[in-house]
Amino acid sequence: MSCRYGIAHFYDLVPVQAAQVLVQQLREDLLARKLQARMKVAQEGVNGWITGPLGDVESYCEHLRADFPKVFEKTDFKISPCSEGELSRGVKVWESTSVCKLLDRAEEYEALSNCTRAPHLTPEEWHQKLCDGKDLVLFDVRNLYETRIGRFCEDAPGVVDSVDPQTLSYEQVPGFLSKESNLSRFKGKTVMMYCTGGVRCERASSLLCSHLGETAEVFQLEGGIHRYLEKFPSGGFFQGAMYVFDRRRAVRGYDLLGEAQHERQILGTCCLCGSSWEMYQGKWKCGECKMPILICLQCQGRCSHAGEGGWARLFQFLFNL
């Protein structure tokens, strides 16, 4: 399948000198090349994505490696196709306190940076361990609305438990890991941590390892679900779709490779009628916690024409979820 447009997701934990200068350079560079981007630059690294014509995205990633080697020389750019309608709008590059906020205070990050991160497993190693490992505990550090549409299969041969902290944001992970009742699920086991592209596991694995010490063996999936689905486009042990924060919202392995779509397994359901649904569309959110919610097209149409009374019933339903 021919693809004209593409998107490159990336992150890297590397020291960045003069972050504000780099922000300005990247912003001007992207605008001059007529690409679109969402990119955070912090003293600890970079995180974001770039969209545009596929060939231009590929060449720009090589340009970053060549012209900004101190930051991007070893960056893993995950490049996949997208449609013109899925391109980001404009260029947003900004300085941030972290590549992916987990903690509130700078001294907490400094302390965490001294903690060992969990070793990586390649997608092939991850898959094999799920096949023949023992006493495995899956730990999904993504948010609840992401896990609702896709996750690793908890009945894989070696898995004895699957931990979903059901967070609304990544910043809630430390609170989850501060409770002994949650940590007890990992002790004496082999923990398999995963997220979308890998960045959230980098910091969260350090935090988990600092809590567990020698009581458990912890691994993280190299390149996240994204790289796993590239190697196992039919899904492998991953069920459903992978939520992404760009305008595609949900993708599968064949989407990442630009190949024709095969049979889909849909895990998500419309929160109103219960029908199979996995696309977060528009600005549908819970009125109480503001979490994105799944509402199918048919129910969206009903809500749009329901009037004030219909909206009241919808809010009451969501409040009681």
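Since the structure is predicted, the reported quantities are computational estimates derived from the model, not experimental observations. All residue numbers refer to positions in the sequence shown, counting from 1.
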Legend entry - Linked, directly or transitively: L30 and L22 (ILVMFWY side chains, under 4.5 Å): yes
Inset, instruction - Flag the pair F152 / L221 as yes when at least one side-chain heavy-atom distance between them is below 4.5 Å, and no otherwise. - result: yes
Inset, instruction - Would you confirm whether Y228, through its side chain, and F237, through its main-chain N or O, come within 3.5 Å as a donor-acceptor pair? - result: yes
Inset, instruction - Write down the atom of M242, the atom of I149, and the distance for their closest heavy-atom approach. - result: C-CD1, 4.5 Å
Inset, instruction - Could you check if a side-chain atom of F10 sits within less than 4.5 angstrom of a side-chain atom of V46, using non-hydrogen atoms only? - result: yes
Inset, instruction - Rounded to the nearest 0.5 Å, what's the gap from CD1 on I50 to CG on L26? Could you check? - result: 8.0 Å
Legend entry - Approximate separation, where rounding is to 0.5 Å, of K290 NZ and S169 OG: 15.0 Å
Inset, instruction - Kindly work out whether a path of hydrophobic side-chain contacts (I/L/V/M/F/W/Y, heavy atoms less than 4.5 Å apart) joins M192 to Y194. - result: yes
Inset, instruction - Sequence neighbours left out, what pairs pass ring-ring contact (aromatic ring centres under 6.0 Å, His included) with at least one residue falling in residues 153-178? - result: none
Inset, instruction - Could you check L208 against V191 for side chain to side chain contact (heavy atoms under 4.5 Å, CB included), going step by step and ending with a plain yes or no? - result: CA-CA 10 Å; L208 180 61; V191 183; 3.9 Å; yes
Inset, instruction - For atom CD of E124, decide whether the heavy atoms of other residues, nucleotides or ligands shown that lie under 6.0 angstrom number more than 12. - result: yes
Inset, instruction - Mark yes or no for whether K40, through its side chain, and V99, through its backbone, hold a donor-acceptor pair below 3.5 Å. - result: yes
Inset, instruction - Supply the atom-to-atom distance E202 CD to L13 CG, rounded to the nearest 0.5 angstrom. - result: 5.5 Å
Inset, instruction - For the residue pair Q24 and E28, confirm or rule out a side-chain donor-acceptor distance under 3.5 Å. - result: yes
Legend entry - Heavy-atom donor-acceptor pair, T51 side chain to S88 backbone, under 3.5 Å: yes
Inset, instruction - Give a yes or no answer on whether the side chain of R38 reaches the backbone of R89 with a donor-acceptor pair at less than 3.5 Å. - result: yes
Inset, instruction - Treating Ile, Leu, Val, Met, Phe, Trp and Tyr as nodes and any side-chain heavy-atom pair under 4.5 angstrom as an edge, say whether M291 and I295 lie in one connected cluster. - result: no
Inset, instruction - Hey, can you tell me if W49 and H9 have their rings parallel, tilted or perpendicular (30° and 60° cut-offs)? - result: tilted
Inset, instruction - Measure from the side-chain N and O atoms of R247 to the backbone N and O of L87, and report whether any donor-acceptor pair falls under 3.5 Å. - result: yes
Inset, instruction - Report the distance from atom OG of S205 to atom CZ of F219, rounding to the nearest 0.5 Å. - result: 12.0 Å
Inset, instruction - Return yes if a side-chain donor-acceptor contact under 3.5 Å exists between N143 and T167, otherwise no. - result: yes
Inset, instruction - Could you tell me which non-hydrogen atom of S96 sits nearest to which non-hydrogen atom of A42, and how far apart they are? - result: O-CB, 3.2 Å
Legend entry - Distance-minimising heavy-atom pair for C100 and N47: CB-ND2, 4.4 Å
Legend entry - Salt bridge present between R248 and D255 (N-O < 4.0 angstrom): no
Inset, instruction - Answer yes or no: is there a donor N or O on one side and an acceptor on the other, between the side chain of R249 and the main chain of M279, under 3.5 Å? - result: no
Legend entry - From CG (L294) to SG (C299), nearest 0.5 Å: 11.5 Å
Legend entry - E230/K78 salt bridge by N-O under 4.0 Å criterion: no
Inset, instruction - Inspect the contact between K187 and E180 and indicate whether a charged nitrogen and a carboxylate oxygen are less than 4.0 angstrom apart. - result: yes
Legend entry - Criterion side chain to side chain contact (heavy atoms under 4.5 Å, CB included) on R302 and L272, from CA distance to verdict: CA-CA 11 Å; R302 289 172 179 168; L272 293 180; over 6 Å; no
Legend entry - Connected via hydrophobic side-chain network under 4.5 Å: L267 and W284: no
Legend entry - Interatomic distance, T196 atom OG1 to D140 atom CG [nearest 0.5 angstrom]: 8.0 Å
Inset, instruction - Indicate whether the side chain of T122 and that of E222 have a donor and an acceptor atom separated by less than 3.5 Å. - result: no
Inset, instruction - Please tell me if the side chains of R252 and L229 come closer than 4.5 Å, counting only heavy atoms from C-beta onward. - result: no
Inset, instruction - Please examine the side chains of R203 and R117, heavy atoms only from C-beta on, and report whether any two atoms are closer than 4.5 Å. - result: yes
Legend entry - Side-chain heavy-atom pair W277, C271 within 4.5 angstrom cut-off: no
Legend entry - Least distance between heavy atoms, Y11 atom then G197 atom: CE2-O, 3.4 Å
Inset, instruction - Look at R185 together with D161 and state whether they make a salt bridge at an N to O cut-off of under 4.0 Å. - result: yes
Inset, instruction - Give the intermediate values and the outcome of side chain to side chain contact (heavy atoms under 4.5 Å, CB included) for residues H226 and V251. - result: CA-CA 9 Å; H226 192 295; V251 296; over 6 Å; no
Inset, instruction - Assess whether atom CD of Q43 is packed by more than 12 heavy atoms of other residues, nucleotides or ligands within 6.0 Å. - result: no
Legend entry - Same apolar cluster (I L V M F W Y, side chains within < 4.5 Å links), I79/M39: yes
Inset, instruction - Applying side chain to side chain contact (heavy atoms under 4.5 Å, CB included), run through M193 and V141 and close with a yes or a no. - result: CA-CA 7 Å; M193 296 182 66; V141 296; 3.7 Å; yes
Legend entry - T147 and D164: side chain donor to acceptor below 3.5 Å: yes
Inset, instruction - Please tell me if the side chains of F238 and L130 come closer than 4.5 Å, counting only heavy atoms from C-beta onward. - result: no
Inset, instruction - Write down the atom of A66, the atom of P69, and the distance for their closest heavy-atom approach. - result: O-CD, 3.6 Å
Inset, instruction - Check whether any side-chain heavy atom of V218 sits under 4.5 Å from a side-chain heavy atom of F139, and report yes or no. - result: no
Legend entry - Polar side-chain atom of Y60 near backbone of G52 as donor-acceptor pair, under 3.5 Å: no
Inset, instruction - Identify the two heavy atoms, one from H127 and one from G236, that lie closest to each other, and give their separation to 0.1 Å. - result: CE1-CA, 4.2 Å
Inset, instruction - Flag the pair L177 / N182 as yes when at least one side-chain heavy-atom distance between them is below 4.5 Å, and no otherwise. - result: no
